[in-house]
Amino acid sequence: MDLKSKLEELASSSLEKIEQIEEIQEIEQLRVNLLGKKGQLTDLLKSMRNLEASERPIIGKLANEIRDDLTAKITSKKEELEEIALNERLEAETIDVTLPGRQIKRGQRHVIHQVMDDLENLFLGMGYSIIGGTEIVSDYLNFERVNVPQDHPARDMQDSFYINEHYLLRTQTSAVQPLIIEAHDFSTGPLKVISTGKVYRRDSDDATHSHQFHQIEGIVVDENITMADLMGTLEVMSKEMFGEDRDVRFRPSYFPFTEPSVEVDVSCFNCGGTGCHVCKMSGWIEILGAGMIHPNVLEMSNVDSEKYSGFAFGAGPDRMVMLKYAVDDIRHFYLNDQRFLSQFSTKGEN
């Protein structure tokens with residue numbers, strides 16, 4: 001069989017194979033077998049060197065026509081198979097746009113921050129300013145400037161996380177108090193400030209304490225500030241947090257930075273004051289400590305304690321939340337368990 005006949009037979013058989021192929025991989029393999037460097041058409045064309053010079057242009061033209069025709073047929077078949085595959089995939093992956101979408105849950109403010117926001121809004125309405133503060137403070141500011149000198153017994157419960165010999169993670173928001181008092185210009189009016197944030201102390205290893213918790217510090221300094229001002233302020237705050245029907249009790253206490261000092265209790269919201277396991281049968285629940293700012297603190301902040309007086313209080317939002325919602329373990333607030341935290345979503349959050 002001469003070369004011309006072999007080329008025509010190859011073209012005819014190849015066209016039949018192209019029509020029969022149903023997989024993209026097969027059409028690609030056929031292209032390589034026919035038109036590749038070691039393909040059948042290439043092998044046949046190697047025989048052209050044996051042809052007469054007059055036959056070579058004729059056979060060469062025929063070979064090019066066959067190559068072009070096969071290339072076009074293979075390309076067309078490949079596109080056809082790709083379209084079929086795409087349609088099959090689209091049909092298998094069809095999305096029913098009439099189905100309801102998946103609800104995206106919104107985040108929410110942490111319950112402790114909700115309480116802190118409520119407290120801040122309450123005191124903003126009473127004319128207070130909100131002041132922040134650094135969580136790393138000097139030992140001098142954290143203790144000595146609030147009347148807790150070296151070797152004072154009150155340090156035993158608070159000496160906790162020291163960065164070095166002179167700096168530590170603040171154990172109380174009172175660390176901001178001396179600087180605020182010192183910087184205030186009393187010719188512009190009274191000083192009325194609250195400061196909120198995290199504080200750090202040695203963990204006492206029980207369910208009601210944590211090495212990290214929150215505090216809100218309140219300070220008022222002016223002429224003629226009395227214990228009556230403090231008691232009235234804390235009564236408003238207590239009733240706002242725990243309900244108007246709560247009674248408030250003030251008990252004498254001791255804090256190095258206030259004199260006189262008081263502990264503040266509210267009547268138990270679980271039993272109404274009759275006595276239960278929540279209030280340990282006392283009818284009262286302790287919520288914060290407070291008192292009149294010690295003259296030493298004022299004097300160290302360059303304020304004349306003979307002319308000016310003031311009060312300060314420190315409350316723990318974590319403890320307030322525990323009492324308000326009867327949470328038995330403070331660690332629940334820090335475990336990021338959505339089953340627990342989602343119980344305290346506010347209006348508009350879900």
So do the side chains of [X] and [Y] get within less than 4.5 Å of each other, counting heavy atoms only?
{"X": "Glu65", "Y": "Asp69", "answer": "no"}
{"X": "Asp304", "Y": "Phe186", "answer": "no"}
{"X": "His332", "Y": "Asp337", "answer": "no"}
{"X": "Glu88", "Y": "Glu91", "answer": "no"}
{"X": "Gln172", "Y": "Arg201", "answer": "yes"}
{"X": "Asp139", "Y": "His166", "answer": "no"}
{"X": "Gln177", "Y": "Val297", "answer": "yes"}
{"X": "Leu124", "Y": "Ile130", "answer": "yes"}

About how many Å separate [atom2] of [Y] and [atom1] of [X], when rounded to the nearest 0.5 Å?
{"X": "Leu298", "Y": "Ile293", "atom1": "CG", "atom2": "CD1", "answer": "5.5 Å"}
{"X": "Lys73", "Y": "Asp68", "atom1": "NZ", "atom2": "CG", "answer": "13.0 Å"}
{"X": "Ile285", "Y": "Cys276", "atom1": "CD1", "atom2": "SG", "answer": "7.0 Å"}
{"X": "Ser12", "Y": "Lys17", "atom1": "OG", "atom2": "NZ", "answer": "11.0 Å"}
{"X": "Met292", "Y": "Thr226", "atom1": "CE", "atom2": "OG1", "answer": "6.0 Å"}
{"X": "Tyr128", "Y": "Ile219", "atom1": "OH", "atom2": "CD1", "answer": "10.0 Å"}

Any sub-3.5 Å donor-acceptor pair from [X]'s side-chain atoms to [Y]'s backbone N or O?
{"X": "Ser129", "Y": "Val193", "value": "no"}
{"X": "Ser253", "Y": "Glu263", "value": "no"}
{"X": "Thr274", "Y": "Cys271", "value": "yes"}
{"X": "Ser301", "Y": "Val303", "value": "no"}
{"X": "Gln108", "Y": "Leu341", "value": "yes"}
{"X": "His184", "Y": "Gly189", "value": "yes"}
{"X": "Asn121", "Y": "Asp117", "value": "yes"}
{"X": "Asn87", "Y": "Ile84", "value": "no"}
{"X": "Glu299", "Y": "Ser305", "value": "yes"}
{"X": "Arg246", "Y": "Ser267", "value": "yes"}

So does [X] have more than 12 non-hydrogen atoms from other groups sitting under 6.0 Å from [atom1]?
{"X": "Tyr167", "atom1": "OH", "answer": "no"}
{"X": "Lys239", "atom1": "NZ", "answer": "yes"}
{"X": "Lys78", "atom1": "NZ", "answer": "no"}
{"X": "Gln150", "atom1": "CD", "answer": "yes"}

Contact summary for [X] and [Y], nearest pair of heavy atoms:
{"X": "Pro317", "Y": "Val115", "result": "CB-CG1, 4.4 Å"}
{"X": "Ala11", "Y": "Leu70", "result": "O-CD2, 4.3 Å"}
{"X": "Leu230", "Y": "Ala312", "result": "CD1-O, 4.4 Å"}
{"X": "Glu144", "Y": "Pro149", "result": "CG-CA, 4.2 Å"}
{"X": "Glu26", "Y": "Glu22", "result": "OE1-N, 4.1 Å"}

Subject >> Charged N-O contact under 4.0 Å between Glu286 and Arg251 >> reply: yes
Subject >> Ionic contact status for Glu182 with Arg145, cut-off 4.0 Å >> reply: yes
Is a side-chain donor-acceptor pair under 3.5 Å present for [Y] with [X]?
{"X": "Asn224", "Y": "Tyr308", "value": "no"}
{"X": "Asn142", "Y": "Thr171", "value": "yes"}
{"X": "Gln212", "Y": "Tyr334", "value": "no"}
{"X": "Glu217", "Y": "Ser195", "value": "no"}
{"X": "Thr196", "Y": "Glu120", "value": "yes"}
{"X": "Asp118", "Y": "Gln114", "value": "no"}

With hydrophobic residues grouped by side-chain heavy-atom distances under 4.5 Å, do [X] and [Y] end up in a single group?
{"X": "Met126", "Y": "Val248", "value": "yes"}
{"X": "Val199", "Y": "Leu141", "value": "no"}
{"X": "Ile74", "Y": "Ile24", "value": "yes"}
{"X": "Val236", "Y": "Phe242", "value": "yes"}
{"X": "Leu34", "Y": "Val32", "value": "no"}

Original post:
Quick check, are the ring centers of Phe213 and Phe333 under 6.0 angstrom apart?
Top reply: no
**OP:** For this output row, return yes or no: ring centroids of Phe313 and Phe123 closer than 6.0 angstrom.
**Re:** yes
Original post:
Given Val221 and Phe311, is the side-chain contact (heavy atoms from CB on, under 4.5 Å) satisfied, shown in steps?
Top reply: CA-CA 7 Å; Val221 179; Phe311 66 74; over 6 Å; no
**OP:** Please state whether the rings of Phe255 and Phe257 are parallel, tilted or perpendicular, taking 30° and 60° as the class boundaries.
**Re:** parallel
Subject >> Residues Leu288, Met237; criterion side-chain contact (heavy atoms from CB on, under 4.5 Å); working and verdict >> reply: CA-CA 11 Å; Leu288 59 88; Met237 184 189 79; 3.0 Å; yes
**OP:** Determine, stepwise, if the pair Ile18 / Leu30 fulfils side-chain contact (heavy atoms from CB on, under 4.5 Å).
**Re:** CA-CA 8 Å; Ile18 291 172; Leu30 180 62; 3.5 Å; yes
**OP:** Not counting sequence neighbours, list each pair that qualifies as a ring-ring contact (aromatic ring centres under 6.0 Å, His included) and has a residue in residues 59-114.
**Re:** His113-His214
Original post:
With respect to Thr173, which candidate in Glu135, Lys198, Gln215 satisfies the side-chain hydrogen bond (donor to acceptor under 3.5 Å, both in side chains) definition?
Top reply: Gln215
Original post:
ring pair (Phe, Tyr, Trp, His ring centres under 6.0 Å) with His294: which residues, sequence neighbours excluded?
Top reply: none
Subject >> Candidate pair Tyr325 and Gln343, rule side chain to side chain donor-acceptor pair (under 3.5 Å), full reasoning >> reply: CA-CA 10 Å; Tyr325 296 109; Gln343 300 177 84; over 6 Å; no
Subject >> Step-by-step side-chain contact (heavy atoms from CB on, under 4.5 Å) determination, Leu81 to Ile21 >> reply: CA-CA 9 Å; Leu81 294 175; Ile21 288 177; 4.1 Å; yes
